[in-house]
Every structure is written in C-alpha cells, then in structure tokens.
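A short write-up of the structure that comes next.
Reminder, nothing fancy here: chain letters follow the sequence lines and each chain counts from 1. All values below were derived from every heavy atom in this structure, side-chain atoms included, with hydrogens, water molecules and symmetry-related copies excluded.
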Amino acid sequence: MIQAVRGMNDILPGDTPYWQRLEAEIRGVLAQYGYREIRFPIVEKTELFKRSIGEVTDIVEKEMYTFEDRNGDSLTLRPEGTACCVRAGIQHSLLSNQQVQRLWYMGPMFRHERPQKGRYRQFHQVGVETFGMSGPDLDAELILMSARLWQRLGLDGLVLQINSLGTAEARAVYREKLVAYLNQHREQLDADSLRRLESNPLRILDSKNPQMRALVAAAPKLSEYLDDESREHFATLCGLLDAAGLRYTINPCLVRGLDYYSRTVFEWVTDRLGAQGTVCAGGRFDVLVEQLGGKPAPAAGFAIGLERLLALVRDQLQPQYLPHAYLVLVGQAAQAQGLVLAERLRDAQPGLRLVTHCGGGSFKSQFKRADKSGAQVALVLGENEVAQGTVGLKYLRENREQEIVSQGVLAEHLMGALTSSSIAGK
RNA sequence: GUGGGCGUAGCUCAGUCGGUAGAGCGCAGGAUUGUGAUUCCUGUGGUCGUGGGUUCAAAUCCCAUCGUCCACCCCA
C-alpha cells in the first residue's frame, strides 16, 4: 500500500466540516478589520527563504523541502508565508510609495521536522501581514484582532506574552554582552546552550532546562539595551493594550526563531497542547521589505497554526453539514421522477441539503441509509406516491406523525417542516 | 537529528508457557414481502505493519526497517 508521506495528513470528510467552519470564522474576523486576502505559490526560489528567515536558522539549515527543478533552479516548498507575501508585495508594487496594506493568506506550509502532537511536516497557517504602518497602534490592532478571534471561537485560556527585540543594532550590542556573560559561565551551560552560543545565543534565554534558569535570570536584560524609540514604542503598545482591557505578560525571554523580527514580538500560548503550545505568534519586521529588495516599508504580522487552533476549539464548533432530507425512491417510475423532483426542490430552496438515494433497494435498506445520512427527514417516493402525485414525509429525529404532501407544495412545506433557519443558514 | 512507548478485522482492543487467531462496535442480509434508529438471528470480515533470523513450530523470542504517539530539539 502506498501511504501518505510521513507527517503529511489527509483531512477526511469527517473533519472537513470543522476546518471549513474554523476558516469561515477566521475570514469573518479578518473582514471585520478590513484585511484582504492574497494568494501566492506554494513553491518559491530557495534564495527567498535564505535571505528572509536567515541562513543559520534551523528552518533553513535542516527543515526545508528543497529540490532542483528541471532547469536546475533551486526551489523550496514554503516553510512559512511572510517571505512569500513580502516577495509578492514587492513584485507587484503593493508596498511602494508609503502604501498601506492589510493582507492575509491561508494554506499549507512545509517543514521537515519530526512529527509529534501539534507539529506536522505539512501544516496549515493563517498569516496576517501589514505594511506601511510603523506605530504601536497597528501592533495593538493585530493583537486585538487575534484576541477577538479567540473570543468568537469560544476559546479561553490562551495567555498573551509580549516583548520587544528592539532594532537590529540594539540587539547586536546586547548579543555581544550576552555572549560575553555566558562565556564567563561556560562551564554551567548545557550541550544545547553551548551549541546555541554560536548560532542563536538569544534562544538560550528561553531554554527549558531548569538548571539554566538561575544563569539566565542573572544574565544581562535585553530591555536594558533597547534603543529609545523601541522603548517608547513598546511602552505605548502596553498602554494601548491596557486601555483595551487586554491582559498580557511581558516575557523578557521571548525571542523568535526567525531572523527578520524587530521591536514587538508576541505569542499566544496554551498549556493544553503538550510541548507545542504556541497557537499564534507574530511581531514586527520593519527591515524585511528592504532586505528583500523593496523600498523600505515598516511591516508587522502574525501567523496562526490551524491544526493547533482546531485541536483547541473543535468541540465548540458546530459545523452544519448533515443533509436536511434524504429522498427514498422505490420502483422504476419513482427513480425517474425522483431525480427531477429533487432538482425542482433544489431550484426552489437553494439552501436545502438533499441527498437522493441511488442504486435502488428495498424500503428498509433505503431507510437505513436515510437514517445513517443524518438527515432530519426522509422523503418517500414509491409507487403509491407516484400514482397520487404526492411524497411521504417522515421525521427521523423527532416523534411526529408521517405526512403526505402534494409534490407541488413540497418545497414550501419543507421550509416549515425543517424550520426556516436551518435551511437559510448555509 | 536524539530518546522512549505502541503497531492483531473498517474502528477500539483481547490473545496464557511459542502450537498458523478472538470479542465488542461497524458493515451486509433477515425476523409474513411500504419504513430507519431499539431488540433478536445469520453472515462479512485479518499477508498479526514489512523483511530477515532462531525453532519441528512465531502474533508471541531476536535483529532490521517502516509507520504512529510522546518528549528533547524546533516552532505556528
């Protein structure tokens, strides 16, 4: 048997209604804030990710699906969307002349990691990216928008952590101080931290090893090395969040794995997903556009891991996907008439979800199918009904008497029988 | 990439000391021939993940491999 690629999952019919519902809620919130969808390819030039995410990051060094196409170009399945979005924005002049853009995208991303709970090799993200707005008010909007989404989904228990990374220059100064400090205590560092001392020393700050905690606690603080503008930016953001009544934790150790972030970074975290607790993460990346060859433009955004989010809210979603009615057809004449009748019903009630029985069979077996379909009612067209121009209407989920309805008024009758809201509502 | 747990029917799982497999659910059909879901009866089901090895004999013991889950790591 040929199986799906490891870490890449099929989403089956039992799950897709939940995905669709989740995606619809997200689209709804994004629309409330005036964000517009952008779509870009799943494959990009490898160079794009090397230059944006950073050559020495784990993603670029060992997690990308990179291959040569038939021209010999090095291409990569996108491991994230920000770089793609910026590339598309630059290419189509969406970001020049101080233009303001509020964009979003949704789709699969690819990283070659060892699969575990909440972490897959093909996973799905909703990404939000904004351009041309440098102030903390935009940062606050992004965070409030994500908070609104949790509220709309009935999701509580997420904790908001925020921090400021300052400018690249300020961070470089701090990095030197931090490396100097850690080198003084080299003998206390664990193997991971020694490795990160070379690659990404800031990550040592959020080491999970408890033995590192005292060392980290006494380390120089990034906040003490922030440039004045970043400091003020961050203070204003905190004030805006306070004014909006949003609770947050300032986490001085919150850093990002991708190189392009600057100033504000934030994460929404849960303790209900095991080791992969970050549901949403983002921040500001003011230098990325220029770094990728565009005119300088401030930018900020975030990404949501859809598998993780769905795991948290699945039980609260109420997807509507079961058919309203199942048409039982017994006899040659009924089979021929039934298809036509079903089409007429769909013409008259576009919101009606009607399954027509195919393949014949006894009344008994067809009613079994009707029941298993989840339909609220069975419509019965047999020899008697054909002869009389009627349809039997049996309620499968409630204790009501079976009805005989003239075919001419069936569409109208169904509206009442099924409660109009359930047909009108998608 | 590293470590640990687990792979038996469509699903959830039994399977003793090594003697070539069972249950429940599901699925199909039936219970005086036009009515589901309950009940009863019957039937359908498996290359025991895969490939080697040990043995007269392997679901069972050993090795490898693949998959899966969890953690490290990484990240959304």
Side-chain angles (χ1 to χ4, degrees), chain A residues 1-9 12 14 53 57-64 79-82 106-128 146 158 190-193 195-196 199-200 203 206-209 254-258 261 265-270 273-283 301-312 326 328-331 334 357 361-386 392-399 402 404:
Chain A
M1 178 181 52
I2 298 178
Q3 296 185 41
V5 174
R6 178 172 197 191
M8 303 200 184
N9 300 312
L12 301 177
I53 297 170
T57 57
D58 276 23
I59 292 178
V60 170
E61 278 184 339
K62 45 197 181 195
E63 294 177 1
M64 295 205 303
E80 58 109 31
T82 300
M106 191 182 296
M109 307 292 164
F110 302 84
R111 292 181 201 172
H112 190 103
E113 298 181 275
R114 185 88 160 243
Q116 71 183 70
K117 188 183 185 71
R119 187 170 81 181
Y120 308 99
R121 290 184 174 178
Q122 176 177 331
F123 61 103
H124 297 80
Q125 282 187 341
V126 169
V128 172
S146 57
L158 288 190
D190 59 16
D192 278 330
S193 296
R195 184 174 49 76
R196 283 186 288 216
S199 59
N200 194 346
R203 286 220 68 98
D206 66 354
S207 170
K208 283 184 188 171
N209 186 345
L254 182 64
V255 295
R256 313 266 58 221
L258 290 68
Y261 284 100
V265 291
F266 66 92
E267 279 190 19
W268 288 94
V269 181
T270 178
L273 288 178
Q276 310 299 327
T278 302
V279 177
C280 170
F302 64 79
I304 299 172
L306 286 181
E307 281 82 358
R308 293 178 188 180
L309 181 56
L310 186 58
L312 291 173
Y326 190 102
V328 168
L329 301 169
V330 179
H357 184 89
S362 65
F363 275 96
K364 186 184 181 67
S365 63
Q366 292 199 34
F367 266 91
K368 278 192 177 181
R369 297 290 177 84
D371 181 52
K372 269 186 295 189
S373 78
Q376 293 176 50
V377 300
L379 302 177
V380 186
L381 192 61
E383 286 176 22
N384 298 342
E385 288 80 4
V386 168
L393 196 162
K394 173 163 180 167
Y395 295 89
L396 297 170
R397 314 290 156 201
E398 46 192 319
N399 198 5
Q402 190 164 330
I404 297 171

Residue pair Y261(A) / G283(A): nearest heavy atoms and the distance that separates them: CE2-N, 3.5 Å
Nearest-neighbour nucleotide for the Q3(A) side chain, G36(B), G67(B), C73(B) considered: G67(B)
Pairwise C1' distance, A31(B) and G36(B) [rounded to whole Å]: 16 Å
Separation of the P atoms in C6(B) and G30(B), to the nearest angstrom: 45 Å
Sugar-phosphate, base or nothing in reach of G7(A), heavy atoms under 4.0 Å: sugar-phosphate
Side chain of Q402(A) (C-beta onward), nearest among A37(B), C75(B), U35(B): U35(B)
Touch class at under 4.0 angstrom, heavy-atom based, for E63(A) against every strand present: sugar-phosphate
Nearest listed nucleotide, side chain of K372(A), among C75(B), C27(B), A76(B): C27(B)
Nearest-nucleotide pick for F363(A), side chain only, options being A37(B), A76(B), U35(B): U35(B)
Sugar-phosphate, base or nothing in reach of R369(A), heavy atoms under 4.0 Å: sugar-phosphate
Sugar-phosphate only, base, or nothing, as touched by K62(A) at under 4.0 Å among non-hydrogen atoms: nothing
Exam field: side chain Q366(A) to backbone G361(A), donor-acceptor pair closer than 3.5 Å: yes
G7(B) - base-pair partner by Watson-Crick or wobble geometry, distances under 3.5 Å: C66(B)
Given G36(B), G34(B), C75(B), the nucleotide with the shortest approach to the side chain of N384(A): G34(B)
Protein-nucleotide distance (D58(A), atom CG; C73(B), atom C1'), rounded to Å: 8 Å
Per R119(A) side chain, nearest of listed nucleotides A71(B), G36(B), C74(B): C74(B)
Minimum-distance nucleotide to D371(A) side chain [options: C74(B), C75(B), A37(B)]: A37(B)
Sugar-phosphate only, base, or nothing, as touched by Y120(A) at under 4.0 Å among non-hydrogen atoms: base
Watson-Crick or G-U counterpart of U35(B), or none if no pair lies under 3.5 Å: none
Rounded distance in Å - NZ (K368(A)) to P (U39(B)): 12 Å
Aromatic-base stack, F367(A) on G36(B), cutoff 5.5 Å, angle under 30: no
Which nucleotide in A76(B), G34(B), G36(B) has an atom nearest any side-chain atom of V380(A): G34(B)
Whole angstrom value for the distance that separates C1' of A37(B) from CG of L396(A): 9 Å
Between P of U68(B) and CG of N9(A), the distance in whole Å: 8 Å
Test item: R111(A) side-chain N/O and P79(A) main-chain N/O as donor-acceptor pair under 3.5 Å: yes
Residue K117(A), side-chain atoms from C-beta onward, closest of A71(B), C73(B), A37(B): A71(B)
Sugar-phosphate only, base, or nothing, as touched by E385(A) at under 4.0 Å among non-hydrogen atoms: base
Euclidean distance for P, A9(B) against A59(B) (whole angstrom): 14 Å
Distance-only donor-acceptor test (3.5 Å): side chain Q366(A), base U35(B): no
Touch class at under 4.0 angstrom, heavy-atom based, for V328(A) against every strand present: nothing
Test item: R308(A) side-chain N/O and V279(A) main-chain N/O as donor-acceptor pair under 3.5 Å: no
Touch class at under 4.0 angstrom, heavy-atom based, for K394(A) against every strand present: base
Watson-Crick or G-U wobble partner of U2(B), both distances under 3.5 Å: A71(B)
Rounded distance (Å) that lies between atom C1' of C66(B) and atom CE of M8(A): 16 Å
Nearest-Å distance once atom C1' is located in both A14(B) and G22(B): 7 Å
For N209(A), side-chain contact (heavy atoms from CB on, under 4.5 Å) partners two or more places apart: D190(A), S207(A), Q211(A), M212(A)
Proximity to the side chain of R114(A) - top-ranked nucleotide from U2(B), U35(B), A76(B): U2(B)
Sugar-phosphate only, base, or nothing, as touched by A275(A) at under 4.0 Å among non-hydrogen atoms: base
U16(B) and A76(B), which share atom name C1', separated by this distance in whole Å: 48 Å
R196(A) atom CZ: more than 12 heavy-atom contacts under 6.0 Å: yes
Base partner of C27(B), which must satisfy Watson-Crick or wobble distances under 3.5 Å: G43(B)
NZ/NE/NH1/NH2 to OD/OE distance under 4.0 Å, R195(A) and D192(A): yes
E383(A) atom CD: more than 12 heavy-atom contacts under 6.0 Å: no
Polar side-chain contact R203(A)-C75(B) base: donor and acceptor under 3.5 Å: no
Between G46(B) and U55(B) - C1' atom distance, rounded Å: 25 Å
Sugar-phosphate only, base, or nothing, as touched by G392(A) at under 4.0 Å among non-hydrogen atoms: nothing
